[in-house]
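What follows is one structure encoded as structure tokens, with my remarks underneath.
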Amino acid sequence: MVNAKLVQPIGNHTTFKTYFDWSQEAAASYLDNSLQMLKTVGYDSDYYYPDYAAALNAANGIYPTKYQNLSDPKNAAYYRGIETSTYYVGGMSLDSELTQHLESRTTFYGIGKRYDAWWTSPYVSSPSGAPLAAQDQAMSTRRLGFQTDLLYHLRKQTFDAGFWYENSVYNPSMQYYNEPDSPDGTPYDEVAHRGTPFMIGYGEAFNTNTYVFHLQDTYKVLPSLTLHAGFRTMVVNAADRVTNNDFRYTGLTQIASGSLTAEAAALPQFSGNWKFAPHNEFYFDISKNMQAYPQGGYNTSTPWGAQTQADFNTLKKNLRPETDWVYEIGYRLQTKYVQGLINLYHTDFSNRQQSISVGPLVTAHSLFQNVGDVDMNGVDGSVTIVPVRHFSIYNSISYNSSKFENNLTSGGVTYQLKGKQEPNYAKLMYKNSLSYSVGDFNLHFDTLFMGKRYLSYVNDTRVPAYWLENFGMGYSFRNISIAKTLKFDFNIYNITNERYVSNMGSGGNPLSGDYNSLQVGAPRSFYGTISASF
């Protein structure tokens with residue numbers, strides 16, 4: 001990892017900044033589970049690694065005993081899963097006070113990333129004769145853009161006008177590398193990655209141009225009352241072209257290609273903040289937003305889920321960008337002994353876009369579909385109480401109801417989505433934290449409750465709710481030898497050793513039924529850190 005930044009004043013009214021960050025990472029990923037796997041096998045499933053012979057046997061239909069009763073044992077585990085990435089970001093900015101009332105802010109930036117998600121797929125054979133292959137879902141992105149703003153201060157008002165442009169290139173592809181047909185062979189080294197693919201299943205290049213203009217006025221009506229009003233104009237054009245197509249993988253002689261444009265002439269926003277009494281604050285916000293079409297889908301060789309060019313042409317005629325109206329009001333209290341917040345929100349989604357996954361994880365295809373309107377209502381509340389010096393009690397609760405308002409027909413089948421909760425959303429969450437801090441010593445005990453979450457769109461599968469408790473303590477020593485501060489921290493994560501699902505939807509969500517896109521949470525863990533500042 002490399003990070004660098006330069007800040008250079010130019011005269012008394014201008015500042016130039018430039019920065020550059022670069023990092024490279026490699027990590028073993030977690031195994032994705034299904035509900036059936038968690039129920040039948042338990043929470044301790046993992047990849048076959050380092051037992052390559054077991055992976056070869058599984059690819060040949062000879063499975064470990066614990067997987068034999070599964071409906072799809074081949075898709076239960078692979079030899080291993082590796083994630084590698086290289087990331088960089090750089091840019092420069094120039095901020096200047098042009099006059100007593102006029103400011104300008106301009107930023108240029110560039111972002112690049114290469115990401116490879118590896119699995120040892122038992123669904124493609126290697127030239128060696130092995131019934132499996134190293135599969136690389138390779139993705140590279142490059143973004144270049146700039147943003148410029150002019151701010152004009154006039155008595156109680158500040159006008160802000162600006163423009164943002166970005167060009168992004170996204171290149172997904174599916175590549176396969178040879179694995180040995182012997183349990184004593186050396187499996188492909190995904191981290192070194194020095195091989196040549198024997199097959200490129202598909203390759204695409206998405207080129208997206210984003211144009212956004214905004215105008216906003218901030219009006220300080222009274223010392224205690226501030227209003228904001230403005231709008232954005234947005235145009236996003238995404239075009240796709242095919243770079244590789246192997247019939248053995250896609251089953252298509254030609255992959256669809258084309259372009260989609262999402263545009264909005266005016267996306268308004270209006271908000272206000274009123275400090276109506278000491279320590280008491282009321283706020284509200286009303287805004288309209290638009291989401292551009294996502295670039296491609298998960299593990300799919302087709303742009304926006306269209307299998308043929310005719311499908312894409314039909315999709316382009318009927319598809320509309322997702323938009324939403326968001327309404328939010330809240331109250332905030334800040335005193336020495338009590339800090340509280342309550343926030344209520346309502347969102348009306350139109351043309352909600354969802355990526356629906358079908359098929360085994362390593363060969364899954366996403367169907368990009370418009371699921372219609374979604375009605376979301378929620379409330380967030382939190383309070384921190386300081387009953388005595390050095391000791392604080394924090395509580396927060398969140399409720400979210402996000403329901404579909406239409407049924408969905410896909411593949412000639414009508415799915416009863418109306419009134420169902422969006423998958424992956426927990427309706428109820430609760431957090432509590434007890435903390436004690438005095439001098440260089442601190443102690444905390446935390447509790448988390450996560451409500452049930454639905455896996456499928458029709459809500460016929462779900463993961464159960466869970467409670468999680470954590471504990472931590474730390475102490476800092478001052479001026480120890482050459483160190484200004486030497487800090488020791490000790491933590492216990494998941495004290496009760498709860499078995500639970502932490503993340504879901506990693507490979508998408510099914511319309512109905514089970515799917516292996518669940519990742520289990522860590523068991524009880526003890527860890528500590530030592531840090532020093534000089």
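Below, each value reflects all heavy atoms present in this structure, side chains not excepted, and no hydrogens, waters or symmetry copies.
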* To do: Apply side chain to side chain contact (heavy atoms under 4.5 Å, CB included) to the pair Lys427 and Tyr399, showing each step before the final yes or no.
  => CA-CA 5 Å; Lys427 276 193 173 183; Tyr399 175 82; 4.2 Å; yes

[X] side chain to [Y] main-chain N or O, any donor-acceptor pair under 3.5 Å?
X	Y	result
Gln309	Ser257	yes
Thr233	Ala265	yes
Asp240	Glu204	no

Please name the pair of heavy atoms, one in [X] and one in [Y], separated by the smallest distance, quoted to 0.1 Å.
X	Y	answer
Gly162	Phe213	O-CD1, 3.2 Å
Thr99	Leu102	OG1-N, 3.0 Å
Val242	Ala256	CG2-O, 4.0 Å
Trp325	Pro268	CH2-CG, 3.7 Å
Tyr293	Thr261	CE1-O, 3.8 Å

Can you tell me how far the [atom1] atom of [X] sits from the [atom2] atom of [Y], to the nearest 0.5 Å?
X	Y	atom1	atom2	value
Phe16	Gln8	CZ	CD	9.0 Å
Leu518	Ser34	CG	OG	7.0 Å
Leu417	Asn459	CG	CG	8.0 Å
Thr226	Asn273	OG1	CG	6.0 Å
Met376	Tyr425	CE	OH	4.0 Å
Met504	Gln519	CE	CD	11.5 Å

* Take Ser433 and Asp446, measure what side-chain hydrogen bond (donor to acceptor under 3.5 Å, both in side chains) needs, and give me the verdict at the end. => CA-CA 4 Å; Ser433 180; Asp446 309 312; 2.6 Å; yes

Do [X] and [Y] get their side chains close enough for a donor-acceptor pair, meaning under 3.5 Å?
X	Y	result
Asp460	Ser512	yes
Asn343	Tyr283	yes
Asn442	His444	no
Ser93	Thr107	no
Glu83	Ser85	no
Tyr327	Asp348	no
Asn289	Asp324	yes

Can you tell me if [atom1] on [X] sees more than 12 non-hydrogen neighbours from other groups inside 6.0 Å?
X	atom1	answer
Met139	CE	yes
Arg114	CZ	yes
Lys420	NZ	yes
Lys418	NZ	no

* Asked: Between Phe146 and Tyr165, what is the ring plane arrangement, given parallel below 30°, perpendicular above 60°, and tilted in between?
  ->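 Tilted, since the angle between the ring planes falls between 30° and 60°.
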
* Asked: Would you call the rings of Phe276 and Trp274 parallel, tilted or perpendicular if under 30° counts as parallel and over 60° as perpendicular?
  ->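 Because their plane-to-plane angle lies in the 30° to 60° range, the rings of Phe276 and Trp274 count as tilted.
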
Do [X] and [Y] touch side chain to side chain, with heavy atoms closer than 4.5 Å?
X	Y	result
Leu267	Ser287	no
Leu448	Tyr466	yes
Leu455	Asn509	yes
Phe445	Ile495	yes
Trp467	Tyr430	yes
Asn167	Val169	yes
His153	Glu103	yes
Leu260	Lys316	yes

* Under the side-chain hydrogen bond (donor to acceptor under 3.5 Å, both in side chains) rule, what pairs show up with a residue in residues 372-390, not counting sequence neighbours? ->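 As it turns out, the side-chain hydrogen bond (donor to acceptor under 3.5 Å, both in side chains) pairs with a partner in residues 372-390, which skip direct neighbours, are His346-Asn377, Asp375-Asn377, Asp380-Ser398.
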
* Residue pairs passing the side-chain hydrogen bond (donor to acceptor under 3.5 Å, both in side chains) test where at least one lies in residues 11-22, sequence neighbours excluded ->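 Pairs touching residues 11-22 that pass the test: Thr14-Ser96.
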
* To do: Could you walk me through whether Lys275 and Glu281 pass salt bridge (charged side-chain N to carboxylate O under 4.0 Å, His left out), step by step?
  => CA-CA 4 Å; Lys275 297 181 179 179; Glu281 183 180 353; 5.3 Å; no

* Are Asn237 and Asn209 close enough, and set up right, to give a side-chain hydrogen bond (donor to acceptor under 3.5 Å, both in side chains), and what steps lead you there? -> CA-CA 5 Å; Asn237 175 263; Asn209 290 289; 5.0 Å; no

* Go through Tyr87 and Tyr115 one step at a time and tell me if the ring-ring contact (aromatic ring centres under 6.0 Å, His included) criterion holds. => CA-CA 8 Å; Tyr87 176 83; Tyr115 174 79; over 10 Å; no

* Kindly indicate, with the supporting measurements, whether the criterion side-chain hydrogen bond (donor to acceptor under 3.5 Å, both in side chains) is fulfilled by Tyr394 and Gln339. => CA-CA 9 Å; Tyr394 170 80; Gln339 296 89 45; over 6 Å; no

* **CA sep, side-chain torsions, deciding dist, call: Glu25, Ser23, side-chain hydrogen bond (donor to acceptor under 3.5 Å, both in side chains)** => CA-CA 7 Å; Glu25 298 180 1; Ser23 66; 4.7 Å; no

* Going through the distances and angles, do Arg142 and Ser140 end up as a side chain to side chain contact (heavy atoms under 4.5 Å, CB included)? -> CA-CA 7 Å; Arg142 190 272 297 148; Ser140 63; over 6 Å; no

* **Worked verdict on Gln269 versus Arg232 for side chain to side chain contact (heavy atoms under 4.5 Å, CB included)** => CA-CA 8 Å; Gln269 188 264 343; Arg232 290 179 299 149; over 6 Å; no

* Leu38 vs Val520, side chain to side chain contact (heavy atoms under 4.5 Å, CB included): CA-CA, chis, key distance, verdict -> CA-CA 9 Å; Leu38 295 178; Val520 301; 3.6 Å; yes

